[in-house]
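I have placed the structure first, in the form of structure tokens, so that the comments after it can refer back to it.
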2 protein chains.
Amino acid sequence: MDQIDVQKRIFNAAREVFTQKGFAAASMREIAEKANVNKGLLHYYKWNKRKLFLRVFEEAFATFSLRANEIFESDMPIREKIEAFVSHYMDLLMANPHLPAFVISELNRHPEEFIRRMMQQSNRPDPSNFILQVQLAGEAGQIRPVHPFHFFLHLLSMCVFPFLARPMIQGLLKIDGDTYIQLMERRKAEVISFINHSINPD
Amino acid sequence: MDQIDVQKRIFNAAREVFTQKGFAAASMREIAEKANVNKGLLHYYKWNKRKLFLRVFEEAFATFSLRANEIFESDMPIREKIEAFVSHYMDLLMANPHLPAFVISELNRHPEEFIRRMMQQSNRPDPSNFILQVQLAGEAGQIRPVHPFHFFLHLLSMCVFPFLARPMIQGLLKIDGDTYIQLMERRKAEVISFINHSINPD
DNA sequence: GTCTATAGGTAGATAGAC
DNA sequence: GTCTATCTACCTATAGAC
């Protein structure tokens, strides 16, 4: 572990601490300890708490928005695209189960700054292609006409929310983390089926 | 404002500060200032930061779980109950638009403690009645048979998630807070219609 | 590059005057 | 009940020895 480049050790430690504790509860001391470097070194490498946090947050946010854009902008028929989104996006969420809560928490802590900063970046989420496709598919009779933006929100909500409410759901069902992942794996088919039944033309 | 009972002023200030900043970023000084009382008074009234926070969190959590239980345990046919839930729960969310992010953030910050503490309380969320009703309605052919727990999750997700992702959605659509509320008011009918189309028997 | 020491600030909590 | 003053602990960040 100590073999790895110091810069990388610092950043990995920062990711771990910030995503677990959030900006306010995190400390530079803890990041330094976890990276096995001296506190002073963080500043030698031109980091401060805010810069380190912004890098971690942007990486986390980009993880989710890039994958979503990838799928939304791909060249697939609407139903396949919905299936691909549910399947691949939930895979991503299962691989990073605590990142969604981190992003949502910090995003709501400074909403104006978030809107200002993130929405000017190239990696911002952009479902416009998908929304247009839903609109056109409805007009062409391929699917039941639905409000395209709200449909996008339905899709995203059903995939992401269970990971935000995870502690509550684990408490309700009295299940452990592994069982939770199994439940989410099973959920993919449930979400796809639920959506497909809703958008079948009358 | 200074007329109000000191205890109530303290608690109102605590609610405001904690829900806006979260536990870690909140300070007793700020709560005291907002309540127009001396810092020392907070401790005179036997409060400390943790106790004050727990009261605020429990109140916020109970707000959402009590209303949900109320609807889930009411005596209504399944379709009416779904409509009532979407309508009344989204009303509650619109009336407290920043509480969901607060609850989800803090809940994920200490998941084990949350599961231990909240799930033993009388006001914990309990959708078991609703889940059973969905199961029975499916068997009776009133609705298409669906996985009852995942269906409950679909319903909750579509109502709550848009309030958690609010800054992102406002950024995407370039709309202000008032327009957002209008969008959510409109959303009620979209969610109800989306669900109804999905659960119509084949 | 890596360390120690410390500056400078703010946090929660308490003691005691009034 | 309400105030001031203060304690202890921790934070970020920096200066400077090695």
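In what follows, chains carry the letters A, B, and so on, assigned in the order in which the sequence lines appear, proteins first and then strands, with residues in each chain numbered from 1. These figures come from a predicted structure and were not determined experimentally.
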- prompt: Is A/Arg55 close enough and on-axis enough to A/Phe11, meaning under 6.0 Å and within 45°, for cation-pi?
  reply: yes
Heavy-atom pair with the smallest gap, counting every atom of A/Ala13 and A/Lys34: CB-CB, 3.9 Å
task: Write down the atom of A/Arg109, the atom of B/Gly22, and the distance for their closest heavy-atom approach.
output: NH1-N, 3.4 Å
task: Examine the side chains of A/Arg166 and A/Gln170 and answer whether a donor and an acceptor come within less than 3.5 Å of each other.
output: yes
task: Nearest whole angstrom, please: distance from the C1' of D/dT12 to the CZ of A/Phe53.
output: 16 Å
- request: Nearest whole angstrom, please: distance from the P of C/dA17 to the OH of B/Tyr44.
  value: 17 Å
query: Given D/dA13, is OP1 or OP2 found less than 4.0 Å from the side-chain N or O atoms of A/His43?
result: yes
field: Listed partners of A/Phe23 passing ring-ring contact (aromatic ring centres under 6.0 Å, His included), at least two apart
entry: A/Phe53
- request: Quickly work out the B/Leu41 CG to D/dC3 P distance and round it to whole Å.
  value: 6 Å
query: Taking atom P of C/dC3 as reference, at what distance in whole Å does atom CG of A/Asn36 sit?
result: 9 Å
- prompt: Quick one: A/Trp47 CH2 to D/dC11 P, roughly how many Å, whole number?
  reply: 21 Å
field: N/O (side chain, B/Tyr45) to phosphate O (OP1/OP2, D/dT2) under 4.0 Å
entry: yes
Rounded interatomic separation in angstrom, taking CG from A/Leu52 and C1' from D/dT12: 13 Å
query: Contacts to DNA chain D from residues 20-30 of chain B, heavy-atom cutoff under 4.0 Å, which residues?
result: none
- request: Figure out the CG/P separation between B/Leu42 and D/dG1, and round it to whole Å.
  value: 15 Å
- prompt: Below 6.0 angstrom between ring centroids: does that apply to A/Phe72 and A/Phe85?
  reply: yes
field: Phosphate-side-chain proximity, B/Asn38 and D/dG1, N/O vs OP1/OP2 below 4.0 Å
entry: no
- prompt: For the pair made of CG in B/Asn48 and P in C/dA11, what is the distance, rounded to whole Å?
  reply: 17 Å
- prompt: Centroid-to-centroid, B/Phe61 to B/Phe114, below 6.0 Å?
  reply: yes
message: Nearest to the side chain of B/Lys39, heavy atoms from C-beta on, is which of C/dT2, D/dA13, C/dA13?
response: C/dA13
